[in-house]
Amino acid sequence: NAGVTQTPKFQVLKTGQSMTLQCAQDMNHEYMSWYRQDPGMGLRLIHYSVGAGITDQGEVPNGYNVSRSTTEDFPLRLLSAAPSQTSVYFCASSYSTGEGFEQYFGPGTRLTVT
Amino acid sequence: QQQVKQSPQSLIVQKGGISIINCAYENTAFDYFPWYQQFPGKGPALLIAIRPDVSEKKEGRFTISFNKSAKQFSLHIMDSQPGDSATYFCAAKRGTGGFKTIFGAGTRLFVKA
């Protein structure tokens with residue numbers, strides 16, 4: 001199993017440009033989510049999905065769109081990039097255990113917006 | 001508004017020592033408290049987790065202590081090793097079937113050889 005894969009690893013955008021961060025998982029997990037990681041702020045949830053066709057907003061959804069047409073894929077779209085979106089983005093897939101949720105994170109995409 | 005407060009921000013421990021990282025929360029609806037370990041350039045990985053009906057959970061050298069009345073929980077790393085040098089995040093998940101996980105700000109641990 002490849003686990004959770006993310007592309008690209010690095011990206012530089014100019015203000016106002018749009019792009020899509022790709023995320024795929026091969027573990028057949030129901031739940032997928034996108035986080036951004038900024039220094040001193042931990043990980044903050046952007047959007048999440050509890051199954052194909054179902055998405056919802058997290059803590060910091062503004063400026064981002066998601067869709068989930070298949071169980072495997074969960075792309076994150078930046079509509080009009082802003083310098084405030086400079087961050088490291090992590091995709092995660094999760095499944096429910098008897099105790100809670102086990103989340104598997106991808107390797108991340110480092111995005112710089114100039 | 002930081003719903004999960006983590007301290008310290010950074011920590012230096014001698015090899016063989018005990019590393020202690022603390023977290024506090026306000027929302028009593030949280031029902032699952034995982035800890036994640038992150039190495040540079042990698043995504044976080046689940047280390048250990050606890051539910052609030054348990055006061056302590058141990059897995060190898062890693063122990064979570066949970067104080068429900070104080071709304072605090074902590075990670076203890078016994079016999080700390082240089083390979084434990086990483087950033088550690090505490091987190092909390094909202095209950096009643098919820099999925100959203102709130103993370104603390106992270107603690108950078110450095111274990112001196």
Side-chain angles (χ1 to χ4, degrees), chain A residues 2-7 9-10 21 23-25 27 29-51 54-61 68 74 87-110, chain B residues 1-10 21-25 27 29-54 57 59 64 66 73 86-108:
Chain A
V4 179
T5 57
Q6 290 183 239
T7 56
K9 283 187 170 26
F10 301 94
L21 307 186
C23 174
Q25 55 102 357
M27 297 174 282
H29 289 164
E30 283 182 88
Y31 309 99
M32 295 187 75
S33 51
W34 276 101
Y35 293 87
R36 59 178 289 171
Q37 183 175 28
D38 301 294
M41 301 193 74
L43 287 92
R44 291 181 293 168
L45 184 64
I46 304 171
H47 284 286
Y48 65 99
S49 169
V50 298
I54 307 169
T55 64
D56 204 349
Q57 297 181 350
E59 298 173 78
V60 289
R68 184 115 178 257
F74 191 44
S87 188
V88 181
Y89 291 85
F90 289 99
C91 177
S93 73
S94 318
Y95 70 98
S96 178
T97 68
E99 189 177 68
F101 283 90
E102 180 143 358
Q103 292 201 81
Y104 293 82
F105 285 85
T109 294
R110 186 174 292 274
Chain B
Q1 180 188 0
Q2 196 173 0
Q3 298 189 49
V4 179
K5 293 184 179 179
Q6 183 172 347
S7 64
Q9 214 171 353
S10 61
I21 304 170
N22 301 300
C23 284
Y25 65 98
N27 190 342
F30 291 141
D31 70 346
Y32 177 67
F33 300 88
W35 284 88
Y36 288 84
Q37 180 187 55
Q38 183 181 30
F39 293 105
K42 304 290 186 184
L46 179 66
L47 188 62
I48 187 172
I50 197 168
R51 290 188 63 87
D53 51 353
V54 175
K57 183 174 181 180
E59 289 185 1
I64 302 178
F66 192 88
F73 59 110
T87 299
Y88 292 82
F89 294 96
C90 63
K93 183 189 79 67
R94 295 193 190 107
T96 61
F99 164 74
K100 294 179 184 179
T101 300
I102 307 297
F103 284 78
T107 296
R108 294 186 73 172

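Reminder, nothing fancy here: chain letters follow the sequence lines and each chain counts from 1.
- Nearest approach of B/Ala105 to A/Gly40, heavy atoms of both residues: CB-O, 3.4 Å.
- Contact of B/Pro44 with chain A is made through backbone and side chain together, with heavy-atom distances under 4.5 Å.
- Rounded to the nearest 0.5 angstrom, B/Lys93 NZ and A/Gln103 CD are separated by 10.0 Å.
- For A/Gln57, the part lying near chain B is the backbone, with the side chain staying farther off; criterion is any non-hydrogen pair under 4.5 Å.
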message = Is there a side chain to side chain contact (heavy atoms under 4.5 Å, CB included) between A/Leu43 and B/Phe89? Walk through the geometry before answering.
response = CA-CA 9 Å; A/Leu43 287 92; B/Phe89 294 96; 4.0 Å; yes
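- More than 12 heavy atoms of other residues, nucleotides or ligands sit less than 6.0 Å from atom CZ of A/Arg44.
- Ranking B/Gly43, B/Gly41, B/Pro34 against chain A, the residue ahead of the rest is B/Gly43, based on heavy-atom pairs under 4.5 Å.
- Using a 4.5 Å cut-off between heavy atoms, A/Gln6 makes no contact with chain B at all.
- Proximity of a side-chain donor or acceptor of A/Tyr48 to a complementary backbone N or O of B/Lys100 within less than 3.5 Å is not detected.
- Counting non-hydrogen atoms of neighbouring residues, nucleotides and ligands closer than 6.0 angstrom, the CD atom of B/Glu59 exceeds 12 such neighbours.
- Of the two parts of B/Tyr36, only the side chain, counted from C-beta on, holds a non-hydrogen atom closer than 4.5 Å to a non-hydrogen atom of chain A.
- In B/Lys42, the NZ atom is not crowded: 12 or fewer heavy atoms of neighbouring residues, nucleotides or ligands sit closer than 6.0 Å.
- Annotation: side chain to side chain contact (heavy atoms under 4.5 Å, CB included) contacts of A/Thr7 (sequence neighbours excluded): A/Gln22.
- More than 12 heavy atoms of other residues, nucleotides or ligands lie within 6.0 Å of CZ in B/Arg51, so this atom counts as buried by the packing criterion.
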